[in-house]
Amino acid sequence: MDRKTFYLTTPIYYVNDVPHIGHSYTTIAADTLARYKRMRGCDVFFLTGTDEHGQKIEKAAKINNENPIELADRMVERFQNLWKVLDISNDGFIRTTENRHVKQVQSAFAKMYESGDIYLGEYEGWYCVPCESFWTSMQLSSNNCPECERSVEKIREKNYFFRLSKYQDLLIEYFEKHPDFIKPESRRNELHRRIVGGIDDISVSRAAVEWGVHVPMDDEHTIYVWVDALFNYITALELNDSAKLKKYWPANVHIIGKEILWFHGVIWPAMLMSLGEEVPYQVFAHGWWTLEGKKISKSLGNAIDPIEITETYGVDTYRYFLLREVPFGLDGNFSYEAMVNRINCDLGNDLGNLLHRVLTMIEKYCEGLVPEHEGLLSAEGKELVERSEKLNEEVDSAMSNLQFSKALESIWDYIGLVNKYVEISKPWVLAKELSEKNKLNEVLYNLAESIRIISSFILPFMPNVAEEMRKQLGLSLEEEPVENDFTWGGMSPGTKVCKGSPIFPKFEHPAIN
RNA sequence: GGCGGUGUAGCUCAGCUGGUUAGAGCGGCGGAAUCAUAAUCCGUAGGUCCGGGGUUCGAGUCCCUGCGCCGCUACCA
């Protein structure tokens, strides 16, 4: 039987920048979705990688007195190391400097040239010499460079162009037939209006840039980095008719930041249409993080290395915070205050304490063995079971829409219900009466089983925490997590639990400056 | 400038096609309980739903307008 495939990607990260919170956010979201889909039985292919060409890299390397590829090699290591630290389970990693990629990009470019969708034309624009930037007349601020306010000069350059305008109607049609193509909806509407407003052909080659993929029919030019970069999503699968491409393409979702939506939502589908390839099912553009209320930028120098955060606060807690604090798609604010609050309250008080109190009772009242009980479930016990089924539906629906925070909210509602169940059932009272032994056993079994289910739902978000919970519950860590883990009844009576120290130690709130 | 969004409790936000006393989480306050990382559970917050005008039997929810904030307008998660 063929399993359903699920192909998801992050952008390939530009190696001119050190990895920061934004990169980690996209990748953690993608990883969580990938892990979730694997548990649901999908054949997942999760791709990330690095974008290594272009003028910025060329210049940065020159300043460092090294070859561009040396710079890239160094930076790639930093990204790969971060993914390792954050427990990213990517199935593929692609670098745009790899030979397999370069060759396929050239062949796609040649194909579009042969079909007439790429043509040699003349680029006309405004050039700011000190900034080394090109601007359209619309971008100019009172006829000067919008960045430095100095005067600009008109330049003409032979360039290859992609006939984007030709795809206007097809794109509009695609947007209208696939309302979920771009998420969130507000972004979709923005793009849609802009396409309706008219799109021009785009320059897809640069004569002035040497560090890039050379235009196959004209060695004087390199291919515009964005064109080069976008193709990674299919060159990683082997574009030229391989079984892998057929198996996974079109991608189920490209997860990206909102600033690169134009490329993914318009240019990329148009080029795929030109090549006769299918368009991805969805492009999901998430929001931006501010740091303590301020925009994160190089000029402010306030970027934080995710590795630093995780060294202090832990990897799983960081993953949890990013996906819980802000609905995916909206902007959010990262603050240590909020992070500590989430760790202490959601994780420590609600979840960590629940695990700890239940295991203590199983050890105290049942010699550390998950008890067996006779007879039917009590009304409260039934509610736990029913709500776990509802939770299963809620989480699946939220995850299908990449609503990570919503999925976590549902899981935490359930955790709240289980804590309530402890209060209502009062196992410490039942334990005092020998005649209540069967009732006590039922309660403790239900609690252990509820926590097992919770650990399954949490696994895609916090893989290490889930593993630790399972270990303390006495479950085998050998077996791969599967869909069955989400449904009631997986806990075998007689399982020996193994309580450890609290899984979420409390943090002091950071001093307020 | 053009196009679009948004303004709801101290804070962060839910409130779909207009319909009974406007909701959640966190914080604050009061109580219960003792299995537990002083964790948990229960109760409580009386907020001109930005201002003004209008449509309607009825508007936080629709329309107009004023003010504030934000996004897109082809570098950057």
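Both backbone and side-chain heavy atoms feed into the values below; hydrogens, waters and symmetry mates do not.
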Within residues 405-414 of chain A, those residues having any heavy atom closer than 4.0 Å to RNA chain B are none
Partner set under salt bridge (Lys or Arg N to Asp or Glu O under 4.0 Å) for Glu383(A), not counting sequence neighbours: Arg387(A)
List in chain and number order the residues that pass salt bridge (Lys or Arg N to Asp or Glu O under 4.0 Å) with Asp201(A), two or more places apart in sequence or in another chain; answer none if no residue qualifies. none
Quick one: which protein N/O atoms are closer than 3.5 Å to N/O atoms of nucleotides 5-9 of chain B? Pair and distance per line, please.
none

Who are the side chain to side chain donor-acceptor pair (under 3.5 Å) partners of Arg324(A), not counting sequence neighbours? none
Which residues satisfy the ring-ring contact (aromatic ring centres under 6.0 Å, His included) test with Tyr25(A), sequence neighbours excluded? His286(A), Trp289(A), Phe328(A)
Can you list every ring-ring contact (aromatic ring centres under 6.0 Å, His included) pair that touches residues 424-452 of chain A, not counting sequence neighbours? His373(A)-Tyr445(A)
Go through the structure and list residues passing ring-ring contact (aromatic ring centres under 6.0 Å, His included) with His221(A), not counting sequence neighbours. Tyr160(A)
Which pairs, protein N/O on one side and nucleotides 23-33 of chain B N/O on the other, fall under 3.5 Å?
residue, atom, partner, partner atom, Å
C26(B), O2', Asn341(A), ND2, 3.2

Mind checking what makes side chain to side chain donor-acceptor pair (under 3.5 Å) contact with Asn189(A), not counting sequence neighbours? none
Name every residue in residues 361-370 of chain A that has at least one heavy atom under 4.0 Å from any atom of RNA chain B, in order of residue number, or write none if there are no such residues. Met361(A), Lys364(A), Tyr365(A)
With sequence neighbours left out, write down each residue that passes salt bridge (Lys or Arg N to Asp or Glu O under 4.0 Å) with Arg188(A), or none if nothing qualifies. none
